[in-house]
Amino acid sequence: MENAPVGFQMFELVDKNDLGSFTFRATNIECGRQTGMDMKQFIGQSIREAMPDVLNMNVLHLYEEALISKKTVDLGVVEYGDKKVNLGHYKVEVYHIDNKHVGVIFNNITAQIEAETRLKKKIAEVEENAREMEEITYIASHDLQEPLTTIKSMTEWLRQRYEPDLDEQGKKGVNFVIQSVSRMKVLIMDLMDFSRIGQDVMPNEKIDIRELLEDMISDLASAEGMSEAKVTVGEMPTINGYRTGLRLLFQNLISNSLKFRADNIQPAINIESKETETHWQFSVKDNGIGIEKKYLKEIFSIFQRLHSRDEYEGTGIGLAHCRKVIELHEGKIWVESKVGKGSTFYFTIAKKRLR
Ligand code: ADP
């Protein structure tokens, strides 16, 4: 015990009717290191003599409990300090040695508690900053809508009014402005949706995932490529979650599977689920063009796209959206893929959430 990496003290209860008579009988080096006090000098003294403050702390009856019950009693975290002993948080356990002696094992966890407190403060700050950022994004995108609508309607008016006077170059130019403005409108709408997720308290609803998928697939019936696609859905659970968010997530993944389909093959999409101890795991697998290994992480960042707009329509927000929905569900999202073979997107949803 002398060189054990935990603080150790042994006490003897000299008078069983007087808890103050618990008397120091042994201690070790670590005990001195953790308390900043060489405890060996107290050997032979009772608690009443050596550390009278302890009498007011209501812990000696737990020493007695260990003695009587012959069990180890966990005192949890005890804050202690006096003129002799460093003030700090000690994690303490008392165990039974024989019918008169108990051993006390402790660790000074003050530094750990301080680090945890600092970390909690930092997390709160980061969360607050993220919330502010989202608010700014929302307000900025909302306010951008209005001038954009004016530009669009004024340009359309100009086209109607002056089209006969414009040469081919002029007509092309005006059409280009209208197309760009329409695209910017979609981008801003997406950005607004993105910043809105997680702003409100997330409703926690009971969701039959099979039903949600059937609904969504029938809504997608008119989407490009859907009529040719073969969509199969395995066993699906009923879970607790944020319905709008999850619907959007499946919709993004399925739309992407259709959009990034391989040439000359019937698109096949397979959706599966499985249960783990803590999470539900879902997968959406396609037989599309696949994704190069070096981009597998990047694609979940906002505005990250691997193709030009001429090749594939899109704003690069869809998967960032999915990631945000999954973060709200305290899960993870990732993809496995082979170029030319297809991609499988996986995501998990915590069964019990803290938020
Ligand atoms: P968008 O579809 O608007 O481009 P996303 O955030 O949904 O934006 O996707 C980001 C990028 O990830 C896409 O541009 C594409 O390059 C790649 N990607 C996403 N899903 C698939 C998929 N099923 N197959 C191949 N590539 C994909």
Side-chain angles (χ1 to χ4, degrees), residues 74 76-77 112-113 115-117 119-131 133-134 193-220 231-257 268-286 291 296-302 317-337 342-355:
D74 186 354
V77 179
Q112 186 189 328
I113 289 193
E116 275 169 18
T117 312
L119 190 66
K120 273 189 197 145
K121 205 168 146 225
K122 263 266 142 342
I123 291 174
E125 273 171 30
V126 170
E127 280 179 353
E128 176 61 19
N129 283 348
R131 211 186 49 73
M133 247 344 267
E134 281 172 354
D193 284 348
F194 183 73
S195 57
R196 211 177 296 162
I197 290 187
Q199 285 253 313
D200 311 321
V201 177
M202 185 178 80
N204 199 20
E205 300 143 284
K206 216 181 178 89
I207 313 164
D208 180 338
I209 297 290
R210 169 167 295 277
E211 215 173 87
L212 179 136
L213 283 173
E214 279 168 1
D215 251 27
M216 201 202 64
I217 290 168
S218 72
D219 281 357
L220 276 177
V231 183
T232 48
V233 179
E235 284 273 307
M236 287 295 138
T238 295
I239 65 167
N240 282 319
Y242 170 31
R243 182 185 296 276
T244 316
L246 288 175
R247 190 185 158 96
L248 209 79
L249 171 110
F250 275 114
Q251 193 171 313
N252 272 322
L253 295 181
I254 294 173
S255 312
N256 277 349
S257 294
I269 303 170
N270 176 234
I271 306 166
E272 295 290 340
S273 75
K274 84 172 190 196
E275 185 174 8
T276 70
E277 203 176 309
T278 52
H279 288 75
W280 288 105
Q281 180 178 310
F282 297 87
S283 58
V284 178
K285 178 176 187 263
D286 66 42
I291 303 161
L296 294 182
K297 280 214 170 83
E298 255 171 56
I299 53 170
F300 294 97
S301 301
I302 192 161
I317 283 185
L319 288 178
H321 234 132
C322 295
R323 200 194 66 212
K324 212 164 161 188
V325 170
I326 287 307
E327 277 166 6
L328 286 174
H329 288 86
E330 291 168 27
K332 287 202 172 95
I333 182 163
W334 70 99
V335 59
E336 289 171 7
S337 185
S343 312
T344 308
F345 284 82
Y346 295 92
F347 60 89
T348 58
I349 288 177
K351 289 187 196 163
K352 281 207 181 104
R353 286 193 297 281
L354 302 172
R355 277 184 284 197

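These numbers come from a predicted model, not from an experiment.
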Visitor: Can you say whether the rings of Phe347 and Phe282 are parallel (under 30°), tilted (30 to 60°) or perpendicular (over 60°)?
Guide: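 Parallel: the ring planes of Phe347 and Phe282 meet at under 30°.
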
Visitor: Check this for me: does any side-chain nitrogen of one of Glu327 and Arg323 sit under 4.0 Å from a carboxylate oxygen of the other?
Guide: yes

Visitor: When you look at Leu253 and Ile271, which way does the side chain to side chain contact (heavy atoms under 4.5 Å, CB included) test go after all the steps?
Guide: CA-CA 10 Å; Leu253 295 181; Ile271 306 166; over 6 Å; no

Visitor: Does any non-hydrogen side-chain atom of Ile217 lie less than 4.5 Å from one of Val233?
Guide: yes

Visitor: Determine, stepwise, if the pair Ile239 / His329 fulfils side chain to side chain contact (heavy atoms under 4.5 Å, CB included).
Guide: CA-CA 11 Å; Ile239 65 167; His329 288 86; 5.8 Å; no

Visitor: Kindly compute the distance separating CG (Leu220) from CZ (Phe250), expressed to the nearest 0.5 Å.
Guide: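 Result: 12.5 Å between the selected atoms.
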
Visitor: Distance check, rounded to the nearest 0.5 Å: Ser273 atom OG versus Leu213 atom CG?
Guide: 9.5 Å

Visitor: Looking at OG of Ser257 and CG of Asn252, how far apart are the two atoms once the value is rounded to the nearest 0.5 Å?
Guide: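 That separation rounds to 10.5 Å.
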
Visitor: Could you walk me through whether Asn256 and Phe345 pass the side chain to side chain contact (heavy atoms under 4.5 Å, CB included) check?
Guide: CA-CA 11 Å; Asn256 277 349; Phe345 284 82; 5.5 Å; no

Visitor: Tell me the closest heavy-atom pair linking Ser255 and Gln251, and the distance in Å.
Guide: OG-O, 2.6 Å

Visitor: Please check if the side chain of Asp286 supplies one atom and the backbone of Ser343 the other of a donor-acceptor pair under 3.5 Å.
Guide: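 Between the backbone of Ser343 and the side chain of Asp286 there is a qualifying donor-acceptor contact (under 3.5 Å).
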
Visitor: Asn240 and Lys206: which non-hydrogen atoms are nearest, and at how many Å?
Guide: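 Where Asn240 meets Lys206 most closely, the heavy atoms are OD1-CA, 3.7 Å.
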
Visitor: Could you give me the CA-CA distance, side-chain angles and deciding distance for Ile349 and Leu246, then say whether side chain to side chain contact (heavy atoms under 4.5 Å, CB included) is met?
Guide: CA-CA 10 Å; Ile349 288 177; Leu246 288 175; 3.5 Å; yes

Visitor: Could you report the tightest heavy-atom contact between Leu296 and Ser337, atom names first, then the distance?
Guide: CD2-CB, 3.9 Å

Visitor: Measuring from Phe300:CZ to Ile333:CD1, what's the distance to the nearest 0.5 Å?
Guide: 4.5 Å

Visitor: Measure the spacing between CD1 of Ile317 and NZ of Lys324 and express it to the nearest 0.5 Å.
Guide: 10.0 Å

Visitor: Is Thr348 reaching over with its side chain to a backbone N or O of Trp280, donor-acceptor style, under 3.5 angstrom?
Guide: no

Visitor: NE2/His279 to CD/Glu330 distance, rounded to the nearest 0.5 angstrom?
Guide: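 These two atoms lie 7.5 Å from each other.
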
Visitor: Hey, does Arg247 have a side-chain heavy atom less than 4.5 Å from the side chain of Asp219?
Guide: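 Yes; the side chains approach each other to less than 4.5 Å.
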
Visitor: Answer yes when Asp215 and Arg243 have at least one side-chain N-carboxylate O distance shorter than 4.0 Å, and no when they do not.
Guide: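 Not counted as a salt bridge, because no side-chain N and carboxylate O are separated by less than 4.0 Å.
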
Visitor: Nearest heavy-atom pair of Ile254 and Met216: which atoms, and what distance?
Guide: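 Looks like CD1-CE, 3.3 Å.
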
Visitor: Tell me whether Thr278 contacts the main-chain N or O of Lys351 through its side chain, where contact means a donor paired with an acceptor under 3.5 Å.
Guide: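 Answer holds: no.
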
Visitor: Does atom CD of Glu235 have more than 12 heavy-atom neighbours, drawn from other residues, nucleotides or ligands, at distances under 6.0 Å?
Guide: no

Visitor: Determine the minimum heavy-atom distance between Met236 and Glu272, stating which atoms define it.
Guide: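 Closest approach of Met236 to Glu272: CE-C, 3.5 Å.
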
Visitor: Do Glu125 and Lys122 touch side chain to side chain, with heavy atoms closer than 4.5 Å?
Guide: yes

